[in-house]
Number of protein chains: 4
Amino acid sequence: MLNRIILIGRLVADPDMRYTQSGTAVTHFTLAVDRPFTNQQGERETDFIDVVAWRKLAETVANNLSKGRLVAVDGRLQVRTYDASDGTRRKAAEVVADTVRFLDSPRRQEGAREGAAGDDAEAAPLTEDDVPF
Amino acid sequence: MLNRIILIGRLVADPDMRYTQSGTAVTHFTLAVDRPFTNQQGERETDFIDVVAWRKLAETVANNLSKGRLVAVDGRLQVRTYDASDGTRRKAAEVVADTVRFLDSPRRQEGAREGAAGDDAEAAPLTEDDVPF
Amino acid sequence: MLNRIILIGRLVADPDMRYTQSGTAVTHFTLAVDRPFTNQQGERETDFIDVVAWRKLAETVANNLSKGRLVAVDGRLQVRTYDASDGTRRKAAEVVADTVRFLDSPRRQEGAREGAAGDDAEAAPLTEDDVPF
Amino acid sequence: MLNRIILIGRLVADPDMRYTQSGTAVTHFTLAVDRPFTNQQGERETDFIDVVAWRKLAETVANNLSKGRLVAVDGRLQVRTYDASDGTRRKAAEVVADTVRFLDSPRRQEGAREGAAGDDAEAAPLTEDDVPF
DNA sequence: TTTT
DNA sequence: TTTT
């Protein structure tokens with residue numbers, strides 16, 4: 001009935017954009033989100049959380065973000081059940097992004113396409129496709 | 001750096017309380033959270049989201065909630081990696097509850113312990129145990 | 001850059017729907033939200049938080065909610081500055097609702113229009129009007 | 001029953017730390033939070049939102065933040081009623097911070113104390129003082 | 001497969 | 001009284 005999640009973290013790799021069979025853009029990326037406390041061994045742990053963006057937001061994310069960038073994601077947690085290749089039934093959790101805010105500037109690197117900074121990105125008015133691909 | 005999730009949904013089963021080896025109470029339950037829109041077949045889908053509560057909150061949840069109850073959970077999303085019995089490496093996502101609000105009254109059932117409604121519950125000041133068990 | 005608030009509370013009065021000069025429906029209501037702890041005198045305090053809904057959401061809220069109903073509101077906090085009738089400049093804070101979830105059933109009362117329960121309500125794709133009236 | 005707000009914005013001025021009569025540190029600051037859309041005149045508006053931090057968090061904020069810094073605040077919205085000097089009864093809304101994350105690095109300025117960057121800050125286990133001062 |  |  002209500003499902004809202006807000007994350008701030010860094011991309012552990014460049015985002016991965018694909019298209020569904022019906023031509024909808026969908027981008028996946030993983031955020032490293034440090035926990036607010038240390039564990040019993042005094043180590044700070046990190047959650048690696050999968051995020052997915054659809055349509056125009058998928059394109060903005062893919063065109064403007066890269067490994068290491070700091071972002072805020074506002075969305076909802078979705079849990080899918082699927083059949084793994086070994087025949088077992090598994091669950092996958094991912095955050096479906098409504099908004100992605102860019103919180104730092106792209107790092108200028110040798111030979112990097114400039115990145116265009118771009119502005120923050122909002123998801124379209126949400127009517128999901130959810131077409132498997 | 002920031003990780004906050006708020007859910008409203010119903011318990012799909014009675015909560016399951018256990019104790020870690022060091023004696024810490026930990027309660028697991030699963031929430032059914034309806035998505036806010038229908039899919040392309042016009043069906044309303046539901047996310048089944050695992051929630052875990054620790055210590056005093058674990059006990060309050062176990063003592064006062066049961067299958068079907070409506071609650072609001074405020075917490076953070078945690079992603080664990082573990083080795084399945086078949087040797088494969090898998091990920092499990094669960095919400096670690098900071099607060100659980102009880103949003104309806106316990107349904108009176110034949111032969112049910114009264115349930116005592118209880119009040120809402122807050123997590124202790126958060127220093128995690130995270131002891132596997 | 002990011003502004004998200006989630007409240008659960010009860011309406012302290014029936015919602016108040018009006019129309020802007022341009023004909024946009026806008027509904028105001030106030031939520032009583034109990035604080036999670038007691039103050040130094042051992043009393044539980046309550047925040048009375050103004051909420052505003054626009055357009056279709058304004059109508060759904062006005063048609064289905066009434067004093068005492070329990071709701072969850074998901075929105076953003078807006079702070080307006082205005083000139084009071086005594087000439088002083090004042091600030092008003094209100095939550096602009098994106099979603100309003102109905103968390104209990106309407107209480108049947110003598111002579112009450114039935115209320116139709118209705119379903120939860122989502123704000124339209126957000127392009128604000130914000131026309132004063 | 002539930003009251004959670006998450007903001008990302010910039011301090012419009014240096015934070016203001018004081019002590020209550022009982023010696024509790026309390027720091028006030030105002031965040032500029034841009035709205036996610038433009039108004040009918042095509043202008044981007046901004047909400048100026050008051051935030052208050054108590055105790056250790058008050059000190060961390062006062063010692064490490066300054067005008068222009070970008071932060072994420074996780075807390076709850078509190079609405080106080082007070083009597084203005086002109087005898088009128090007024091309402092003041094402010095966000096009581098549980099967590100403040102520092103999202104950029106302090107700007108090095110001529111003659112500025114280095115700022116020490118510091119780490120993010122969490123509120124103590126929340127038992128409010130709420131002593132007027 | 002993990003980010004600063 | 002307003003930030004980039």
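From a predicted model like this one, the values you see are computed outputs, not experimental measurements. Order of the sequence lines sets the chain letters (A, B, ...), proteins ahead of strands, with each chain counted from 1. Excluded from the calculations below are hydrogen atoms, water molecules and symmetry mates; all remaining heavy atoms, backbone and side chain alike, are included.
Side-chain contact, A:T88 with A:R90: a donor N or O sits under 3.5 Å from an acceptor N or O. In summary, the side chains of D:T30 and D:D50 do present a donor paired with an acceptor at a separation below 3.5 Å, with no hydrogens or angles considered.
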Next item on the list: Please assess A:D104 against A:R10 for the test salt bridge (charged side-chain N to carboxylate O under 4.0 Å, His left out), listing each intermediate value before the final yes or no.
Entry: CA-CA 10 Å; A:D104 59 3; A:R10 292 188 183 275; 3.2 Å; yes
Next item on the list: Tell me, with the steps shown, if A:E94 and A:R76 meet salt bridge (charged side-chain N to carboxylate O under 4.0 Å, His left out).
Entry: CA-CA 8 Å; A:E94 62 193 0; A:R76 71 195 152 74; over 6 Å; no
N/O contacts under 3.5 Å, protein versus nucleotides 1-3 of chain E?
| residue | atom | partner | partner atom | Å |
| --- | --- | --- | --- | --- |
| E:dT3 | O4 | A:T46 | OG1 | 3.2 |

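By the side-chain contact (heavy atoms from CB on, under 4.5 Å) test, A:D16 pairs with A:R18, sequence neighbours left out.
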